[in-house]
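A short write-up of the structure that comes next.
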There are 2 protein chains.
Amino acid sequence: MQVITHSIIMTEKQEKILQSALGLFAKEGYHATSTNKVAKHACVSEGLIFRHFGNKEGLLTSILELGENKIKSLLVDIVMEPDPKEVIRKAIFMSARIDKIDYDFWKLQFKLKWELEVSSDKKMEPLKMALSNAFNKLGYEEPEQEAMLILLFIEGIGSAILKGSNMDANQMMKFLAKKYKI
Amino acid sequence: MQVITHSIIMTEKQEKILQSALGLFAKEGYHATSTNKVAKHACVSEGLIFRHFGNKEGLLTSILELGENKIKSLLVDIVMEPDPKEVIRKAIFMSARIDKIDYDFWKLQFKLKWELEVSSDKKMEPLKMALSNAFNKLGYEEPEQEAMLILLFIEGIGSAILKGSNMDANQMMKFLAKKYKI
DNA sequence: AATAATTAAGTAAGTACTCACATATATTAC
DNA sequence: GTAATATATGTGAGTACTTACTTAATTATT
């Protein structure tokens with residue numbers, strides 16, 4: 001039986017493999033998760049993983065590619081916002097818009113930055129530009145530095161949320177918005 | 001031949017094992033580094049690792065315990081500072097005080113937070129308290145939130161430095177210090 | 001009937017760790 | 001001071017298991 005995911009036709013078992021792999025990679029780490037473990041969790045044979053995804057790395061690549069739109073959909077709303085104050089406000093509250101369903105995907109993103117040293121600097125470039133422009137329009141002295149600060153905040157807050165930190169993330173977002181008089 | 005490291009007598013080969021393991025764990029990750037690889041890098045037999053450290057986890061534990069004072073020595077200077085403005089300034093510039101020699105250790109700390117989900121919330125508690133007190137003394141409305149913001153900044157900046165990010169960390173620290181009129 | 005999806009046994013290599021033995025160093029007896 | 005003995009340090013082959021991946025056969029779908 002086939003399913004359509006992100007306009008891609010895949011079998012039900014492919015879907016299950018991806019879901020299981022995402023969950024286990026996010027929870028335990030890429031290297032610490034064996035393909036045998038993924039197969040068992042997905043209730044398929046280990047061979048099927050290699051039939052569909054080529055190798056373990058291909059499996060990870062598929063997960064990340066399928067999740068690409070999650071990143072884009074968070075960013076596009078901010079980048080396309082014309083009102084500079086709204087750009088900043090939306091950026092500050094960006095992490096609050098992460099769907100709990102997608103926590104595993106985001107957690108994996110953070111994990112991979114350290115485990116596989118995948119850099120995401122480039123992905124954030126449009127957001128950095130949008131923020132710089134916003135601060136510039138609002139007449140801030142050093143718009144690029146302000147933008148970098150917001151990016152650091154987003155990274156830290158996102159990190160805290162996904163780690164299940166004690167920090168009251170929502171409170172922090174409101175507080176920062178207030179500091180920028182938004 | 002024996003050496004004294006942190007008041008602990010250990011053989012030259014123990015020292016080499018620890019150095020090699022630290023470097024490889026920091027660079028490639030704990031799970032992605034085999035004990036055979038550590039042994040080869042240290043120019044010792046694999047059996048010697050288990051002779052001295054019990055098991056792979058024991059090796060990691062030794063590295064972290066020996067590095068404990070690096071964390072404390074960064075924090076104690078800030079926590080013991082009486083002048084509230086100086087507390088904040090020192091906290092902002094804390095990451096600049098990390099010795100390049102110790103980058104591997106700090107990088108491993110960050111990596112482990114994600115790879116093994118080791119939480120360091122507790123370690124930062126004294127710093128958070130010191131910052132809260134400082135902002136309180138300076139009459140800030142919400143000292144705890146301000147303290148949390150600085151902690152997020154430290155985390156983000158430290159992370160950027162250790163990842164070799166393009167960000168001008170020093171410039172960012174100066175900028176934030178300026179925002180807090182320090 | 002052809003093709004696709006799936007399985008499970010198998011493969012080669014890698015893994016953490018053990019262990020019997022070798023070597024180096026320290027201690028003790030004379 | 002030296003030899004014998006005890007202890008510590010170190011080695012590398014071996015072990016049991018795990019790993020990513022392959023493959024021939026089976027089952028399901030078209």
Side-chain angles (χ1 to χ4, degrees), chain A residues 1-64 66 108 111-112 115-116, chain B residues 1-64 66 108 111-112 115-116:
Chain A
M1 199 254 276
Q2 293 175 334
V3 291
I4 299 178
T5 301
H6 308 299
S7 307
I8 296 167
I9 295 171
M10 59 177 72
T11 68
E12 194 178 333
K13 293 201 171 182
Q14 272 178 295
E15 188 80 19
K16 285 170 73 179
I17 292 169
L18 288 166
Q19 284 300 331
S20 291
L22 170 57
L24 289 166
F25 287 165
K27 184 186 170 193
E28 304 184 6
Y30 176 70
H31 284 113
T33 303
S34 66
T35 48
N36 180 56
K37 190 175 227 181
V38 173
K40 280 193 162 80
H41 193 277
C43 301
V44 301
S45 70
E46 194 174 355
L48 191 58
I49 294 177
F50 295 95
R51 195 62 164 77
H52 285 307
F53 303 100
N55 54 29
K56 189 181 181 185
E57 193 185 340
L59 174 58
L60 178 64
T61 301
S62 292
I63 292 168
L64 297 182
L66 282 166
L108 181 58
K111 260 178 141 68
L112 292 181
E115 191 174 350
L116 303 187
Chain B
M1 200 253 277
Q2 292 174 335
V3 292
I4 300 178
T5 301
H6 309 297
S7 308
I8 295 165
I9 294 171
M10 61 177 71
T11 68
E12 195 180 334
K13 294 200 171 184
Q14 274 178 293
E15 187 81 18
K16 284 170 71 179
I17 292 168
L18 288 165
Q19 284 300 330
S20 291
L22 169 58
L24 289 167
F25 288 165
K27 183 186 170 192
E28 304 185 7
Y30 176 71
H31 283 114
T33 302
S34 66
T35 48
N36 179 55
K37 191 174 226 182
V38 173
K40 281 194 164 80
H41 193 278
C43 300
V44 302
S45 69
E46 194 174 353
L48 191 58
I49 294 177
F50 296 95
R51 197 68 161 72
H52 286 305
F53 302 101
N55 54 29
K56 191 180 180 186
E57 193 185 338
L59 174 57
L60 179 63
T61 300
S62 291
I63 292 168
L64 297 182
L66 281 166
L108 182 57
K111 262 178 137 71
L112 291 180
E115 191 174 349
L116 302 186

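Predicted model only: the values in this text are computed from it and were never measured. Labels below follow one simple rule: chain letters A, B, ... track the order of the sequence lines, proteins then strands, and each chain is numbered from 1.
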Could you report the tightest heavy-atom contact between A:N36 and A:E46, atom names first, then the distance?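 Heavy atoms of A:N36 and A:E46 come nearest at N-OE2, 3.5 Å.
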A:A42 to A:K16 - nearest heavy-atom pair and separation: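 Residues A:A42 and A:K16, closest heavy atoms: O-CE, 3.2 Å.
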Measure [atom1]/[X] against [atom2]/[N] and give the value in whole Å, please.
X	N	atom1	atom2	result
B:K40	D:dG12	NZ	P	11 Å
B:K13	C:dA24	NZ	C1'	11 Å
B:L59	C:dT15	CG	C1'	15 Å
A:I49	C:dT7	CD1	C1'	13 Å
A:F53	C:dT6	CZ	P	10 Å
B:M10	D:dG10	CE	C1'	17 Å

If the sugar-phosphate is the primed atoms plus P, OP1 and OP2 and the base is the rest, what is the B/S/- string for nucleotides 15-24 of chain D, using protein heavy atoms under 4.0 Å? ----SBBB--
From B:K111 NZ over to B:L116 CG, what is the distance, rounded to the nearest 0.5 angstrom?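 Those atoms lie 11.5 Å apart.
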Below 4.0 angstrom from OP1 or OP2 of D:dA8, is there any side-chain N or O of B:T11?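 Negative; the distance criterion is not met.
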Does OP1 or OP2 of D:dA8 have a side-chain N or O of B:H52 closer than 4.0 Å?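 Indeed not, no polar side-chain atom of B:H52 lies that close.
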Any non-hydrogen side-chain atom of A:L66 less than 4.5 Å from a side-chain atom of A:M10?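 When only atoms from C-beta onward are counted, A:M10 and A:L66 do touch, with a gap below 4.5 Å.
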Checking the side chain of B:E115 only, and the main-chain atoms of B:Y30 only, is there a donor and an acceptor separated by less than 3.5 Å?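 Yes: the side chain of B:E115 pairs with the backbone of B:Y30.
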Is it the case that the side chain of B:K56 and the backbone of B:T33 share a donor-acceptor pair, with hydrogens and angles ignored and the cut-off at 3.5 Å?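 Side chain of B:K56 to backbone of B:T33, a donor-acceptor pair under 3.5 Å: yes, one is there.
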